[in-house]
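Predicted, not measured: the structure shown is a model, and the values here were computed from it. Throughout, protein chains are lettered first and strands after them, A, B, ... in sequence-line order, and every chain is numbered starting at 1.
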Number of protein chains: 2
Amino acid sequence: MDRPTLPKGTRDFGPAVMAKRQFIFQTIRSVFERYGFLPLETPAMENLSTLTGKYGEEGDQLLFKVLNSGDFLKEADEALLSSRDSRRLTPVIAEKGLKYDLTVPFARYVVMNRHEITFPFKRYQIQPVWRADRPQKGRYREFYQCDADVIGTDSLVCEAEIILMIRDVFAKLGILTYSIKINHRGVLAGLARLAGAWNQEGALFVAIDKLDKIGEDGVKTELINRGFSPDALTDLFSVLHAKGTNPEKLALLRNKLGNHEAALASIADLEKVFDLVNLLGGDDAPVELDISLARGLSYYTGCIFEVKIQGVGGGSVSGGGRYDNLTAVFDAKEKSSGVGFSFGVDRLFDAMEELNLFPEETQRSSQVLVCHLDEDCQRYGLKVVQSLRSQGIAAEIYPDSSKMKKQLEYADKKKIPFAAVIGSDEMKSGVLAVKNLKTGEQHLQTLEQLIALLKPVHKP
Amino acid sequence: MDRPTLPKGTRDFGPAVMAKRQFIFQTIRSVFERYGFLPLETPAMENLSTLTGKYGEEGDQLLFKVLNSGDFLKEADEALLSSRDSRRLTPVIAEKGLKYDLTVPFARYVVMNRHEITFPFKRYQIQPVWRADRPQKGRYREFYQCDADVIGTDSLVCEAEIILMIRDVFAKLGILTYSIKINHRGVLAGLARLAGAWNQEGALFVAIDKLDKIGEDGVKTELINRGFSPDALTDLFSVLHAKGTNPEKLALLRNKLGNHEAALASIADLEKVFDLVNLLGGDDAPVELDISLARGLSYYTGCIFEVKIQGVGGGSVSGGGRYDNLTAVFDAKEKSSGVGFSFGVDRLFDAMEELNLFPEETQRSSQVLVCHLDEDCQRYGLKVVQSLRSQGIAAEIYPDSSKMKKQLEYADKKKIPFAAVIGSDEMKSGVLAVKNLKTGEQHLQTLEQLIALLKPVHKP
């Protein structure tokens, strides 16, 4: 039999990696909940009618489709089959697909449950998504997204709270050097108009979003092909590259865009967000107005965010923005403003590994292994291990009657910090030989002393 | 546009249900970890070569298959296409499938990583699985399993610890009346031989497993067709239905099966498990030797378990057993004994709802909503809400400047227990009007008093 393998672009997460991932998930979840967001889960499979057409043509190609059960060819058209047209046959033999992101299923959920939902609706969602992308370093076919959205309000308090949540998550993760870039789609739209391209806002967003990838020259070429004039682009880029403090940049924008009412409203939005962030005590959050920030997704209409960690490879680890119309794809009458953001767990994980930020506690399993010299000692040890567990201490007893060396090796490989060794002396005296496996030190301790040493202390 | 729908047999879990499900998951996870089990996650998709043939022919039919990406018909045989043979075309156009359970992917993981794993390997896994079953009440196409297994030891300490874990989970969930049924495949094999059917052990397991469904007459008919004699079956059923204490049943088995060495060893195993459970302090666990317990899965070879909650509908909520050969399907040289069990979350959820066991804390979201009479009050409130959050209190501020009635309705619908109302008086005095939304009582409190009221107290 061939050795089994994993499908391309998918991963197992063994205990050591899981512990670190759970540390990230748990940190994010606790911050989301502290800000009043509640969890939602949607199925892995959605109807393809829900997913198709929401991510552009490329996105449709990247959807994993699930074959209909039973005799799926029964209804297939003879001519279609013999034409071997995979693309046209797909909708006939596959009605369902794996979800591609958490946003479209969320919009679907809101439309289906709008009469039961209390708005403004604050939900978070931490689940895997699937994309049939070509696997490469840091890009997987199955990966987790961590989204939080508020839908049903246009209050800028939500934007400010997103910035505070990012600050809180990074503080808890121990990430100190990062920047939260913010911009506003209305500002970019104003700049597009200023450059004489009234109906080319979308093209401007898409092109600027590629600045990191294709450089300024590439972006300019693309925009000139779209009808922007070279002179206008020189002006435009002088604004996009503006340096200075946030108030200085806001003053520059106000100066440049003073004639455009919608752009002025966008500038006022940004000012208000900065003000609200300060009221929330977020003056330590490294928020930077970056006029060249565009974000790729088409549905954003207001403030947009992106977060980068300094000193590590990889792109942004978090991003989001405001949208006015997310649910309209499912119901044209539905029009409710919302704002959301997302953490990229794989990138956060890689950055934290690179910066060596995972706390040591996340890297170990049980706190103590009860070891024993013979079967009688093991019987005695069963009472010891259970006493530890009843005090909330994660503890194991080595299940077999193996040599002490083997038992201690097991503890060592599993990074269990203490071994409580039981021999006939310990059984007689009722005192345990407790070995610190990191330092090698060994002390005689009563069960009560061991419990006091290991008992979890809850920090507020 | 049509209203969107969910695929048949799948579910969204909104915030209220999620909170209850997370309570169950978190309880199970904390007990697993206290006993030294560590988390593992495997991908949703596995190669079909990994899954096919592991669950019987019916199981193969129930696998969800994922269509190959790109031009999947390119390699398909012309004749095969025109024959419209769905079953034979499937492996050509679909290489991957969604996992059907957590056990086969676990075995695949162990075989692929055996050189890195520290044995005995104790892992738990809480993930969704998918089956293309006909959806019906309580049966879904996507549902979670919660498995824990120890692989690489035949120590009966593991069986005893499983019983203790079940006891601990049920105690934490508040489920008081339940029974943990235990039996041993070796005992059933001995009874099969006693009934003169030496090579019909498997048939006996399968038939007895249907006792609940098809009744004693149905089972007898099936076994007579398999070559059991009616007289032998009468004898057999008198043993299967044996009443009495566990020691009485063990004595009966010892009496009946005294000539069968392997059966005697199995009886000794059961005795040892009872003994170990008592040493672990599990004398309060409602363990019952049920000689008619068989379990459906073919790979069990030793002790088997099943847990039922009294007074509620639905079948077993937990079950498992020992296997000698789980990884052999992937590598014939690999032979390591293990034992595992699983909680059925959907059934646990239904039972807890029926028994009204979910604690009230799981049913609410934030602890306090900060309400405000105008924009200035909201600005003041932003500082209040952030002070609460910085103390670990889940708190929200109503984002819009809406009428007080609307703000309080929001808190009420979201089951937020307290509202802190800020008007101009409160801003002047620095004291908050705190309203208990359950009792309707309202008191003036300082921020410090409110924090003291709401601050989470960590219980050991």
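A:F13 contributes atom CZ, which lies 10.0 Å from atom OG1 of B:T42 (distance to the nearest 0.5 angstrom). Distance check: B:L81 CG to A:L81 CG gives 6.0 Å after rounding to the nearest 0.5 Å. Separating the CD1 atom in A:I397 from the CG atom in B:L279 is a distance of 9.5 Å, to the nearest 0.5 Å. To the nearest 0.5 Å, the span separating CE on A:M18 from CG on B:L38 amounts to 10.0 Å. Rounding to the nearest 0.5 angstrom, the gap separating the CD atom in A:Q378 from the CG atom in B:L276 is 7.5 Å.
Within the 4.5 angstrom heavy-atom criterion, no atom of A:F37 approaches chain B. Using a 4.5 Å cut-off between heavy atoms, B:L164 contacts chain A through its side chain alone, with no backbone atom that close. Using a 4.5 Å cut-off between heavy atoms, A:L63 does not touch chain B at all. For A:I393, the part lying under 4.5 angstrom from a heavy atom of chain B is the backbone only. For B:P128, no part sits under 4.5 Å from any heavy atom of chain A, backbone or side chain. For A:Q367, no part lies near chain B; criterion is any non-hydrogen pair under 4.5 Å. No part of B:Q125 comes within reach of chain A, as not one of its non-hydrogen atoms sits under 4.5 angstrom from that chain. Interface remark: A:E78 contributes backbone and side-chain atoms alike to the contact with chain B (heavy atom separation under 4.5 Å). For A:Y380, no part lies near chain B; criterion is any non-hydrogen pair under 4.5 Å. Looking at A:T5, both its backbone and its side chain come within 4.5 Å of chain B, counting heavy atoms on both sides. Heavy-atom distances place the side chain of B:L98, and not its backbone, under 4.5 Å from chain A. With a threshold of 4.5 angstrom between heavy atoms, A:V385 approaches chain B through side-chain atoms but not through N, CA, C or O.
The greatest number of non-hydrogen atom pairs below 4.5 Å with chain B, out of A:P399, A:A19, A:G70, is found for A:P399. Counting heavy-atom pairs under 4.5 Å between each of A:N113, A:L40, A:L280, A:V66 and chain B puts A:L280 at the top. Among B:K96, B:K413, B:M45, the residue making the largest number of heavy-atom pairs under 4.5 Å with chain A is B:M45. Of all the listed residues (B:K383, B:R379, B:K414), the one sharing the greatest number of non-hydrogen pairs under 4.5 Å with chain A is B:R379. The candidate with the highest count of non-hydrogen atom pairs below 4.5 Å against chain A, out of B:N68, B:D275, B:V31, is B:D275. Counting heavy-atom pairs closer than 4.5 Å to chain B, the top-ranked of the candidates A:V111, A:D154, A:D85 is A:V111. Contacts with chain B were tallied for A:E161, A:R87, A:R21, A:Q61; A:E161 has the most, counting heavy-atom pairs under 4.5 Å. Ranked by heavy-atom pairs under 4.5 Å with chain A, the list B:R114, B:R141, B:E95 is led by B:R114. Counting heavy-atom pairs closer than 4.5 Å to chain B, the top-ranked of the candidates A:C158, A:A76, A:A94, A:S82 is A:A76. The residue among B:S69, B:P39, B:S155 with the most heavy atom pairs within less than 4.5 Å of chain A is B:P39. The candidate with the highest count of non-hydrogen atom pairs below 4.5 Å against chain A, out of B:E46, B:K65, B:E33, is B:K65. In terms of heavy-atom pairs under 4.5 angstrom with chain B, the leader among A:Y109, A:F119, A:Y124 is A:Y109.
Looking at heavy atoms from C-beta onward, A:E41 lies out of side-chain contact with B:V17 at the 4.5 angstrom threshold. When side chains are defined from C-beta on, B:P4 does not count as touching A:N47, because their heavy atoms never get closer than 4.5 Å. Between A:P43 and B:R11 the shortest side-chain heavy-atom distance does not fall below 4.5 Å. Residues B:E409 and A:T118 have side chains not in contact (no heavy-atom distance under 4.5 Å, counting atoms from C-beta outward). At least one side-chain heavy atom of A:F121 sits under 4.5 Å from a side-chain heavy atom of B:P15.
Of the candidates B:L73, B:L67, B:I93, B:L73 is the only one forming a side chain to side chain contact (heavy atoms under 4.5 Å, CB included) with A:S86.
Among all heavy-atom pairs drawn from A:Y410 and B:P120, the shortest one is CE1-O, 3.2 Å. Residues A:D168 and B:Q386 come closest through the heavy atom pair OD2-NE2, 4.2 Å.
Put simply, the side chain of B:R34 never gets that close to the backbone of A:A394: no donor and acceptor are under 3.5 Å apart.
With respect to the salt-bridge test (charged N to carboxylate O, under 4.0 angstrom), the residues A:R108 and B:D12 qualify. Using a cutoff of 4.0 Å between basic side-chain nitrogens and carboxylate oxygens, B:D71 and A:R84 are not scored as salt-bridged.
Within 6.0 Å of CD in A:E75 there are 12 or fewer heavy atoms belonging to other residues, nucleotides or ligands.
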Go through A:Y398 and B:V157 one step at a time and tell me if the side chain to side chain contact (heavy atoms under 4.5 Å, CB included) criterion holds.
CA-CA 9 Å; A:Y398 197 82; B:V157 168; over 6 Å; no
Check step by step if side chain to side chain contact (heavy atoms under 4.5 Å, CB included) holds for A:R389 and B:Y35.
CA-CA 7 Å; A:R389 288 169 180 158; B:Y35 282 77; 3.0 Å; yes
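For the 3.5 Å distance criterion, the side chains of A:D400 and B:T153 qualify, holding a donor opposite an acceptor.
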